[in-house]
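Side-chain atoms are counted along with the backbone in the values below, which use heavy atoms only and exclude waters and symmetry mates. Along the sequence shown, residues carry numbers from 1. Counting convention: from 1, in listed order, for ligands and their atoms alike.
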Amino acid sequence: MKPFGPIPSGFDSIDGQLSIGGMTAEALVDQAGDTPLFVYSKELIGSRMADLRRAMPERLSIHYAIKANPYSDILQLMSGLVDGFDIASAGELDLALAAGQSPERISFAGPGKRDRELRAALLAGVTINCESENEAHRALAIGHVENIAPKLAIRVNPDFELRGSGMKMGGGAKPFGLDAHRVPQLAREVIASGAVWQGLHIFTGSQALDADAIIETQGNVLALAAQLTDDIGVPLPHLNMGGGFGIPYFHSDKSLDISRIGAALQGRFNTLPDGLLSTKFAIELGRYLVGETGVYLTRIVDRKESHGVTYLITDGGLHHQLAASGNFGTVVRRNYPVAIATHFVAEPTEVVNIVGCLCTPLDRLADQVSMPHADIGDLVAVFCAGAYGATASPEAFLGHGPAREILI
Ligand SMILES: *Cc1c(COP(=O)(O)O)cnc(C)c1O
């Protein structure tokens, strides 16, 4: 038997079934039309945002990194809840604008921006976080042709990283951002060119669960921003401090203590160096805002034994939930939180392997988990499915087609 991750709080049961927003899993599938299905909860997203606002300094803006979940109904909801969207492609720009987010609140990071993406961003009036000198020069040239002053920030590749983060995106050689020591020169050039100087973006990693690591990194980010600002020679307008707030996916993962992070940040805001006194600060979060608020529901289509192992074979799989299968940036496969949704409160009685319907041994949803007895027709719920699910999985692989999505 193997453990699985903690089922996030906020999920209820009705008549023994998992329920979300007052509807049972079966009723949700009825409403959406079929399985597999991602269900996202408005109520859980709202309370997550409210808790975060309460914990963080008032001065801090909260941005949503829309790559975590760009489902249109989520973007519309988030548009009203956060202070800005962070995008990483022209496709995401279209999604952000379609969701009603105003261009002044959108910033565009990501390596390899093509000229047409830079032009689209510039014409829309969003901030471009330049990932290299070359990219800044191309943006300035496009601005010149279009006769528009581009809004430019510089993404910094810092010399430190977020300790314990799942995906490291700063420290040492990276395709992201400009090595810190080269930032002041480019910033002075951008300012001298007449572009709108928007400031700095320092992102150091993702999926950290240790509040002390985040507090330490935020201190490093502020110190680096202050030093670069001194070198640049003008007060810093904006600082995107990155994010990295993680969620518990696996057994023994603990929720992040955001109140400690907020208090530490407030302390630092109280003692800012001169160059940062009037700076607007933001953090950018993806999975922390939506990850625990979504569930992937998939129906059992077969139940079989092989060499003494019971397999529950579902109509879902890694083509929608790559991360839960263990194939999205993890070294050792561990079980996401999982349950039999149609017997949500029943006691476990057997150990099973829950797999998807793809013809590959990689398609595992839960290994050797202890569950109540489930039969063909029962629903399986995989939790922590609100981020990096549908759009971070190889949906076309093996031709089963996309999952449905609803926000309830
Ligand atoms: C992916 C990404 C995020 C969001 O990461 P989460 O772990 O989902 O919070 C934020 N900022 C940048 C620059 C990113 O690339």
Side-chain angles (χ1 to χ4, degrees), residues 40 45 48-49 52 56 60-71 74-75 78 82-89 91-93 95-96 105-113 121 126-132 135 153-158 161-171 174-178 198-211 213-214 217-218 221 238-250 253 255-256 258 261 281-294 322-323 328-330 384-393:
Y40 312 118
I45 293 173
R48 171 58 57 130
M49 276 305 301
L52 187 64
M56 292 298 133
L60 182 71
S61 291
I62 296 171
H63 290 189
Y64 178 48
I66 78 169
K67 80 169 188 278
N69 189 333
Y71 176 54
I74 293 248
L75 291 187
M78 295 308 281
V82 298
D83 305 305
F85 278 0
D86 293 328
I87 60 167
S89 68
E92 285 193 348
L93 172 63
L95 294 175
R105 294 164 155 234
I106 300 175
S107 59
F108 182 8
K113 300 182 193 77
V126 316
T127 294
I128 298 167
N129 296 356
C130 299
E131 305 269 349
S132 71
E135 193 173 281
I154 296 175
R155 178 158 175 192
V156 183
N157 174 27
E161 59 194 11
L162 175 53
R163 201 159 40 81
S165 63
M167 280 195 201
K168 296 190 171 33
M169 299 199 34
K174 289 286 179 304
F176 313 109
L178 209 65
Q198 292 286 75
L200 301 172
H201 174 206
I202 309 178
F203 181 77
T204 53
S206 267
Q207 182 50 22
L209 289 173
D210 177 358
I214 290 179
T217 298
Q218 288 182 337
V221 164
H238 296 268
L239 176 62
N240 178 333
M241 306 179 62
F245 292 23
I247 60 173
Y249 288 106
F250 305 118
D253 280 357
S255 296
L256 191 60
I258 53 169
I261 297 172
F281 296 95
I283 52 171
E284 48 176 351
L285 303 177
R287 74 188 75 217
Y288 190 81
L289 303 184
V290 293
E292 289 175 273
T293 70
L322 187 65
F328 190 62
T330 42
C384 292
Y388 305 110
T391 61
S393 303

Engineer: If we only consider heavy atoms of Phe176, is any one of them less than 4.0 Å away from an atom in ligand 1?
Structural biologist: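 Phe176 does not count as a contact of ligand 1 under the 4.0 Å cut-off.
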Engineer: Output yes when a side-chain donor or acceptor of Asn129 lies under 3.5 Å from a complementary backbone atom of Ala153, and no otherwise.
Structural biologist: no
Engineer: Quick one: sort the Phe245 and Tyr288 rings into parallel, tilted or perpendicular, breaks at 30° and 60°.
Structural biologist: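 Judged by the thresholds at 30° and 60°, the geometry between Phe245 and Tyr288 is perpendicular.
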Engineer: Hey, do the aromatic rings of Phe203 and Phe176 have their centres closer than 6.0 Å?
Structural biologist: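 Not under 6.0 Å, so no.
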Engineer: Which atoms from ligand 1 have a heavy atom of Tyr388 less than 4.0 Å away?
Structural biologist: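 Those qualifying, in numeric order: 1 (C), 4 (C), 5 (O), 6 (P), 8 (O).
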Engineer: Taking N or O atoms only and a 3.5 Å limit, does Ser206 qualify as a polar contact for ligand 1?
Structural biologist: yes
Engineer: Less than 3.5 Å between some nitrogen or oxygen of Ala68 and one of ligand 1, yes or no?
Structural biologist: no
Engineer: Please state which part of Tyr288 comes within less than 4.0 Å of ligand 1, counting heavy atoms only: side chain, backbone, both or neither.
Structural biologist: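 Looking at Tyr288 and ligand 1, no heavy atom falls under 4.0 Å.
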Engineer: Sort out for me which residue in His238, Glu284, Glu131 forms a side chain to side chain donor-acceptor pair (under 3.5 Å) with His201.
Structural biologist: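 Only one of His238, Glu284, Glu131 forms a side chain to side chain donor-acceptor pair (under 3.5 Å) with His201, namely Glu284.
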Engineer: So for ligand 1, is His201 a polar contact partner (N or O within less than 3.5 Å, distance only)?
Structural biologist: no
Engineer: Could you tell me whether the side chain of Gln207 and the main chain of Ile247 form a donor-acceptor pair under 3.5 Å?
Structural biologist: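 Side chain of Gln207 to backbone of Ile247, a donor-acceptor pair under 3.5 Å: yes, one is there.
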Engineer: Does only the side chain of Ala65 get under 4.0 Å from ligand 1, or the backbone, or both, or neither? Count heavy atoms.
Structural biologist: side chain
Engineer: Closest heavy-atom contact between Gly246 and Leu256?
Structural biologist: N-CD2, 4.0 Å
